[in-house]
Amino acid sequence: MENTDILVSGGGIAGLALAYWLRKAGFRPVVVERAPAPRPGGQTVDLRGAGRTVITRMGLLDRVRELAVDQRGIALVDRDGRHTARLPTELFGGEGIVSDLEILRGDLAAVLYEATAEDVEYRFDDSITALTEDADGVHVTFENAPPRRFDLVVGADGLHSVTRRLAFGPESELVVPIGGYTAWFTARTELDLDGWFLMYNAPGGLVATARPGRLPGETKAGLSFRSAPIAYDRRDRAAQQRLLAEKFTGAGWETDRLLAAMADADDFYFESLGQVRLNDFTRGRTALIGDAACCPTPLTGLGTSLALVGAYLLAGELAAARGDFTTAYATYQHRMQPYAAKARELPPGGMTGYAPGSAAMIRLRAASMRWMTRWPLRRLMEAQVAKASEVELPDYATEFALPRG
């Protein structure tokens, strides 16, 4: 085995899953994460298609089911809270807009961290600042830790990946905005959800959402809006919340209550919506996985599947090639690129379909959801759902020392 010392930048779903598989294959991953500890909370993520298969092969599916969020499905509501359209979770084989297996991002990360904590080195509260590659490895400098050499580096550090910027180029050239912004937070307020993921559209391209959390009385809220690119400070939470208040105050339904709850949320997160467009997920000794490589935006519901599948394929190919990264990276690229390209295809209408601008288009959106179980819209929905499984997952049981079957 060669190239066994591997730095993984990012302790989210992709980085944790990669560390798991690398250790199974006999590599020595080190995970560096900017946060001071594993990040709790967060919004609900789908486990569908090939992503669910990867979790199953990890032997973690039962644990994930124990922590899954109980949801009846998605329902559109009007400004008075009346349901205008519904899609229960059991439709489309349990892999519709809301799948039958969803878990809070922080809970999934905790499951993966627990599965790796004993034999993976973690460096929290730190980040990469420079990469210098030579014929034998990569010299890495950090914000806090002393410099260190690694055989390989993998960026799993999200949409705003530092690793990608250092090794591939500036974000402005690799991330394509899709015309919107979104915020997520936990709302400590009682809303009558009745088990549904509720979505409200208001004219002007506004979207407010509320869905059940795992704990009693916990609501996972979202506020999104359509917009051309705007300048904002990613570290200025107060300014971000003022922007949302300007957009959503008086917009109807429960938006004012959500805004009030937003001010007290300890997990508020604001983000531009963009897609990463890369022809190659590797360069030299550096590779990218998850959102750093191929963020599809939350509109597709496939970000978690891409993270889990990318981690599995990259680790599996490195194991199959006995650490020969040139061979492994090429095969990883060959297997992953078509899956990522398919996953980046937005649902019909894209951001405009998600956040209609007028009352008439909002009514048309509700009608479209009601027709989604009928031909021809059912066929479009089935095609969207099928994307989650449209990748071959080789059997790496021997490389990972797993039982077959």
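As the structure is a prediction and not an experimental result, all values here were calculated from the model.
The distance from atom NE2 of H160 to atom CD of E171, rounded to the nearest 0.5 Å, is 5.5 Å. The CG atom of L243 sits 6.0 Å away from atom NZ of K247, with the distance rounded to the nearest 0.5 Å. Once rounded to the nearest 0.5 Å, the distance linking CD1 of I55 with CG of L101 reads 9.0 Å. One distance of note links CG of L22 with NZ of K24; it measures 12.5 Å at 0.5 Å rounding. One finds the CE atom of M262 at 11.0 Å from the OG1 atom of T255 (value rounded to the nearest 0.5 Å). A distance of 14.0 Å separates CZ in R82 from CG in L76, rounded to the nearest 0.5 Å.
Side-chain atoms of T373 and R378 form no donor-acceptor pair, as typed in the model, at a separation below 3.5 Å. For the residue pair Q275/R277, the side-chain donor-acceptor check at 3.5 Å is satisfied. A donor atom on one side chain and an acceptor atom on the other are not found under 3.5 Å apart for H139 and E133. Side-chain N/O atoms of R285 and N3 include a donor and acceptor closer than 3.5 Å. Counting only N and O atoms by type, the side chains of Q337 and Y339 include no donor and acceptor under 3.5 Å apart.
Residues L244 and A183 approach most closely at CD1-CB, 3.6 Å, considering heavy atoms. Across D256 and G250, no two heavy atoms sit closer than the pair OD1-N, 2.9 Å. Nearest heavy atom pair, residue I289 against residue G15, reads CD1-N, 4.5 Å. Shown here for S227 and I230, the closest heavy-atom pair between the two residues is OG-CG2, 3.5 Å. Closest heavy-atom contact between L206 and A251: CD1-CB, 4.1 Å. When all heavy atoms of V120 and R23 are compared, the pair lying nearest together is CG2-CG, 3.3 Å.
Residues L377 and S368 meet the side-chain proximity criterion, which asks for heavy atoms closer than 4.5 Å. Under the 4.5 Å side-chain criterion, counting only non-hydrogen atoms from C-beta, T286 is not in contact with T282. Between L67 and V111 there is a side-chain heavy-atom pair separated by less than 4.5 Å. Looking at R365 and M199, their side chains come closer than 4.5 Å, going by heavy atoms from C-beta outward. Side-chain contact between R123 and V31 is absent, with no heavy-atom pair separated by less than 4.5 Å. For the pair L299 and M351, the minimum side-chain heavy-atom distance is below 4.5 Å. In this structure, the side chains of M372 and L91 stay at 4.5 Å or more apart for every pair of heavy atoms. Side-chain atoms of V154 and T163, non-hydrogen and from C-beta on, never get closer than 4.5 Å to each other.
Ion pairing between E121 and R28 fails under the 4.0 Å rule for side-chain N and carboxylate O. A salt bridge links R257 with E254: the distance from a Lys NZ or Arg NE/NH1/NH2 to an Asp or Glu carboxylate oxygen falls below 4.0 Å. A salt bridge links E33 to R39: one of the charged nitrogens lies within less than 4.0 Å of a carboxylate oxygen. Salt bridge R322/E2: absent, no basic N to carboxylate O contact under 4.0 Å. Between D107 and R214 there is a salt bridge, with a side-chain nitrogen of the basic residue lying less than 4.0 Å from a carboxylate oxygen of the acidic one. A salt bridge is defined here as a Lys NZ or Arg NE, NH1 or NH2 lying under 4.0 Å from an Asp or Glu carboxylate O, and R363 with D78 fails to meet this definition.
Among residues at least two apart or in separate chains, side-chain hydrogen bond (donor to acceptor under 3.5 Å, both in side chains) pairs with a member in residues 66-77 are R63-E66, Q71-E102, Q71-R211, R72-D194. For the side-chain hydrogen bond (donor to acceptor under 3.5 Å, both in side chains) condition, the pairs that include at least one residue of residues 302-317, sequence neighbours left out, are R57-Y312, E317-R335, E317-Y396. Each side-chain hydrogen bond (donor to acceptor under 3.5 Å, both in side chains) pair with one or both residues in residues 174-186, not counting sequence neighbours, appears once here: T182-S224, T186-K220, T186-D267.
Checking side-chain atoms of K387 against main-chain N and O of E345 turns up a donor-acceptor pair under 3.5 Å. A distance-only check finds no donor-acceptor pair linking the side chain of D46 to the backbone of R48 [under 3.5 Å]. Checking side-chain atoms of R188 against main-chain N and O of G217 turns up no donor-acceptor pair under 3.5 Å. The closest donor-acceptor contact from the side chain of R283 to the backbone of F168 lies under 3.5 Å. Of the possible donor and acceptor atoms, one in the side chain of R164 sits under 3.5 Å from a partner among the backbone N and O of L159. Formation of a donor-acceptor pair under 3.5 Å by the D151 side chain with backbone atoms of I6 is not found in this model. Side-chain atoms of N201 do not come within 3.5 Å of backbone N or O of I362 as any donor-acceptor pair. No side-chain donor-acceptor contact under 3.5 Å links R105 to the backbone of V45. Using a distance-only test at 3.5 Å, with no hydrogens or angles considered, no donor-acceptor pair links the side chain of E390 to the main chain of K342.
A perpendicular orientation is assigned to the rings of F325 and Y329, their planes being inclined by more than 60° (bins at 30° and 60°).
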Q) Stepwise, does the side-chain contact (heavy atoms from CB on, under 4.5 Å) test hold for V77 with T84? A) CA-CA 5 Å; V77 297; T84 59; 6.0 Å; no

Q. Given Q240 and R235, is the side-chain contact (heavy atoms from CB on, under 4.5 Å) satisfied, shown in steps?
A. CA-CA 9 Å; Q240 295 163 11; R235 296 165 295 182; over 6 Å; no

Q: Check step by step if side-chain contact (heavy atoms from CB on, under 4.5 Å) holds for R34 and V162.
A: CA-CA 11 Å; R34 181 181 294 278; V162 172; 4.2 Å; yes

(Q) side-chain contact (heavy atoms from CB on, under 4.5 Å) for L7 and V138? Distances and angles first, verdict last. (A) CA-CA 10 Å; L7 177 65; V138 185; over 6 Å; no

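Of the residues Y20, Y122, W21, the one that meets the side chain to side chain donor-acceptor pair (under 3.5 Å) test with T116 is Y122. Screening L18, T331, L152, D324 against L318 for a side-chain contact (heavy atoms from CB on, under 4.5 Å) leaves a single residue, L152.
Scored by the ring pair (Phe, Tyr, Trp, His ring centres under 6.0 Å) test, F248 finds no partners at all (sequence neighbours excluded). For the ring pair (Phe, Tyr, Trp, His ring centres under 6.0 Å) test, no residue two or more places apart in sequence or in another chain qualifies with F27. Take A210 and apply the side-chain contact (heavy atoms from CB on, under 4.5 Å) test, not counting sequence neighbours, and it matches L191, L193, T219, W253.
By the 6.0 Å contact criterion, CG on D192 is open, its count of non-hydrogen atoms from other residues, nucleotides or ligands being 12 or less.
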